[in-house]
2 protein chains.
Amino acid sequence: MKVTISDIAKAANVAKSTVSKVLNDSPKISQETKQKVREIMKQMNYTPSSIATGLARQSSCNIGLLVDMSKESEFLNQFFYNIIGGIESVIAPLKYELTISNVQHSSPEGHFLNRLVFSKRVDGIIANNSVLTEELSEELNQLEFPYISIGEIMTPGSWVDFDNEAGGNMLTEHLIEQGYSKIAFIGGQQQEKIYTHRLGGYLSALQQADLTVPQQWIINCKADEHDSYHAALELLQREERPDSVVCMNSYVAFGVLQAAKALGIDVPSELGIAAFDEYPLSRYTTPPLTSLNIDTFKLGVSSGQLLMERIRGNDAPHKHSLLEPELIPRESTMRAKFSGTTS
Amino acid sequence: MKVTISDIAKAANVAKSTVSKVLNDSPKISQETKQKVREIMKQMNYTPSSIATGLARQSSCNIGLLVDMSKESEFLNQFFYNIIGGIESVIAPLKYELTISNVQHSSPEGHFLNRLVFSKRVDGIIANNSVLTEELSEELNQLEFPYISIGEIMTPGSWVDFDNEAGGNMLTEHLIEQGYSKIAFIGGQQQEKIYTHRLGGYLSALQQADLTVPQQWIINCKADEHDSYHAALELLQREERPDSVVCMNSYVAFGVLQAAKALGIDVPSELGIAAFDEYPLSRYTTPPLTSLNIDTFKLGVSSGQLLMERIRGNDAPHKHSLLEPELIPRESTMRAKFSGTTS
DNA sequence: TTGTATGCGTTATCAG
DNA sequence: CTGATAACGCATACAA
């Protein structure tokens with residue numbers, strides 16, 4: 001049933017070591033024996049055992065993707081598939097496989113450090129920054145174990161992320177180009193780094209255009225349709241109200257849209273709406289939303305590449321990779337076409 | 001740096017085999033030596049090498065999830081994360097890990113049979129029916145290699161799936177209960193098994209309610225918002241038009257909704273809309289859609305359980321598992337509340 | 001109850 | 001160029 005290297009050696013009338021060398025295409029084996037051995041391997045339908053190879057080589061040819069499935073991460077939930085695809089596309093040609101591991105089983109010995117790292121199941125790790133705590137990344141640093149964080153981390157280490165600041169800039173600049181000038185920002189919590197970056201981009205775009213907005217137009221709230229609906233309802237009834245808004249994500253935009261509808265405010269002529277995160281609603285609202293698309297496949301690719309670099313040469317310095325988002329203009333900010341009533 | 005079983009043996013002043021037995025909690029080791037050895041393992045921070053264990057035990061404690069990332073499967077794209085979570089929740093306690101593998105690299109030796117099965121990287125496989133062709137499942141059957149298909153397959157083998165027929169039934173029955181009787185069905189292609197099942201449920205519900213509908217009310221088209229929009233536009237302008245429609249998914253429903261809006265047909269009073277597939281739009285349309293939710297986490301759980309059964313006892317007969325969907329009633333079919341103008 | 005010897009399927013280090 | 005032989009880290013039959 002199962003054919004090993006010894007079987008091949010016997011059948012080919014050579015030593016196991018010779019077969020091994022043929023397997024690895026060693027330059028010091030004659031072409032004819034290579035031919036002969038390969039012939040027999042094909043005939044006998046031989047495939048080397050990855051486990052035995054791993055033991056001998058002291059490498060699993062396996063990389064681990066860590067996730068915390070208990071956390072219901074909207075981001076991972078949406079883009080997991082793409083990220084995996086990206087990682088896979090770079091590691092597969094290098095003969096590596098991808099192991100997904102859930103971190104939530106934090107029983108003492110169920111910890112991923114045991115399950116994957118110490119047990120040598122994987123040669124490197126990719127994880128998003130919510131699971132890669134400062135503590136963990138420092139431990140991995142000490143072990144000199146290769147890892148990449150998806151999302152910026154503050155400890156010294158390699159990571160990949162989207163350029164949220166550039167994104168905030170793009171969205172805001174786009175609004176300005178469309179003739180909006182009284183631009184609000186809705187959604188997100190101040191502690192979240194992603195919020196800080198996005199807001200930072202918004203602010204710098206305003207500054208560059210010499211625009212100032214009241215502090216009260218920057219509204220922190222849970223970035224879902226419910227809270228943003230109420231926030232927008234309040235904002236849009238103030239004495240001085242914005243003529244446009246940058247939204248933390250498409251759910252927020254959805255809430256703002258509902259609020260505008262409830263107040264009889266027309267989008268985009270009276271209110272422009274631009275949002276981070278194309279997914280999942282932007283195309284399907286009325287009107288469709290101008291939003292920022294991110295290429296999550298590329299995110300996987302980058303993290304895979306960086307990780308493989310670290311696995312190959314351990315001495316490489318830590319690297320970061322910032323990916324540019326892409327603006328998708330849609331009706332919700334197309335003021336030009338509907339600006340008959342513009343002040 | 002790396003501590004092996006020999007180091008522990010030396011430090012504890014026992015034989016390697018004793019340490020091994022402690023590791024596996026063998027009943028024929030005295031409590032005191034167990035204590036002592038464990039103590040030392042903890043002190044020296046020892047974790048057994050999964051590769052060495054695998055080689056000795058002839059098992060990888062690893063299961064493979066096969067996907068074809070080239071196919072842009074809407075289903076997997078949406079639910080990959082949940083399915084993985086489900087699988088993980090059953091295999092992790094059994095000390096198994098999950099390896100994701102992309103099938104599209106169909107270079108001769110990059111085939112997953114080599115990469116995973118023959119190379120003994122995994123002890124079993126889960127794959128959806130689009131990658132598990134008849135040919136492949138038959139080959140796996142011959143090899144007696146454990147596998148589970150996500151989605152029904154016709155070759156003898158184990159699979160898990162949602163009960164699409166029951167789903168069609170539930171949606172249709174719900175419409176009937178709401179007082180609708182002229183029920184159309186939009187979206188899907190006749191060759192797709194999933195369509196056949198969903199339509200079958202719809203038809204049987206009609207039959208049970210002694211309702212008949214014109215053959216032309218069953219409309220095949222690509223199940224997206226564009227094609228279904230045009231299909232609905234045409235359907236709703238016919239001499240005799242339906243008072244409700246069952247949609248293949250939420251995109252189709254979105255298209256139908258647009259068409260109704262364009263024609264000034266009120267939903268739900270003049271047209272009821274019920275749809276398969278909660279995700280991703282159902283909650284966010286106006287009005288929100290009555291739809292069918294599926295628990296994809298459970299799908300993962302089921303497939304994991306079935307696979308582990310097969311890995312444990314190879315002689316187990318093939319099993320199938322049909323999961324029930326859940327109806328989520330929303331405004332799009334709430335005729336009762338809006339039925340002032342009902343005929 | 002514990003220790004010894006051998007095997008799991010490769011790779012790698014030497015001789016030849 | 002090719003062939004013994006010793007790792008790799010753990011499990012297991014058998015002996016003590």
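Quick note on labels: first sequence line is chain A, next is B, and so on, each numbered from 1.
- Ile153(A) is not listed as a side-chain neighbour of Glu134(A), based on a closest heavy-atom distance of 4.5 Å or more.
- Protein chain B touches strand DNA chain D; the 5'-most and 3'-most nucleotides with an atom under 4.0 angstrom of its non-hydrogen atoms are dG9(D) to dA13(D).
- When the nucleotides dT2(C), dA12(C), dG9(C) are ranked by their closest atom to the side chain of Thr33(B), dT2(C) comes out on top.
- Toward the 5′ end of DNA chain C lies the nearest nucleotide of Thr18(B), the other residue of the pair Thr18(B) and Pro48(A) mapping further downstream.
- With Tyr46(A) as the fixed residue, the side-chain contact (heavy atoms from CB on, under 4.5 Å) test singles out one of Lys2(A), Arg38(A), Met41(A): Met41(A).
- For Ser20(A) against dT11(C), a side-chain-to-base donor-acceptor contact under 3.5 Å is absent.
- When the C1' atom of dG7(C) is taken as reference, atom CZ of Arg57(B) falls 15 Å away, rounded to whole Å.
- One atom, CZ of Arg121(B), and another, C1' of dG9(C), lie 15 Å apart when rounded to the nearest Å.
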>> Under the criterion side-chain hydrogen bond (donor to acceptor under 3.5 Å, both in side chains), I'd like the reasoning laid out for Thr99(A) against Thr99(B): C-alpha separation, chi angles, the key distance, then a yes or no.
In response: CA-CA 4 Å; Thr99(A) 293; Thr99(B) 293; 3.2 Å; yes
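- In this structure, Ser17(B) reaches the bases: a heavy-atom distance under 4.0 Å links it to at least one base atom across the strands shown.
- A salt bridge between Asp25(A) and Lys34(A) is present, with a side-chain N of the basic residue lying under 4.0 Å from a carboxylate O of the acidic one.
- Residue Leu55(A) places its side chain closer to dG9(C) than to any other of dT10(C), dG9(C), dG3(C).
- Among the protein residues, Ser30(A) comes within range of the sugar-phosphate backbone only, with heavy atoms under 4.0 Å from sugar or phosphate atoms but none that close to a base.
- Using modelled atom types, one side-chain atom of Ser50(B) and one backbone atom of Ser119(A) make a donor-acceptor pair closer than 3.5 Å.
- Scanning atom types as modelled, one donor and one acceptor separated by under 3.5 angstrom connect the side chain of Lys21(B) and the base of dG3(C).
- Separating the NZ atom of Lys120(B) from the P atom of dC8(C) is a distance of 13 Å, rounded to the nearest angstrom.
- A side-chain donor from one of Ser59(B) and Asp123(B) sits under 3.5 Å from a side-chain acceptor of the other.
- Nucleic acid contact class of Val19(B) (heavy atoms, under 4.0 Å, all strands): none.
- Using a cut-off of 4.0 Å between Lys/Arg side-chain N and Asp/Glu carboxylate O, Glu88(B) and Arg115(A) are scored as salt-bridged.
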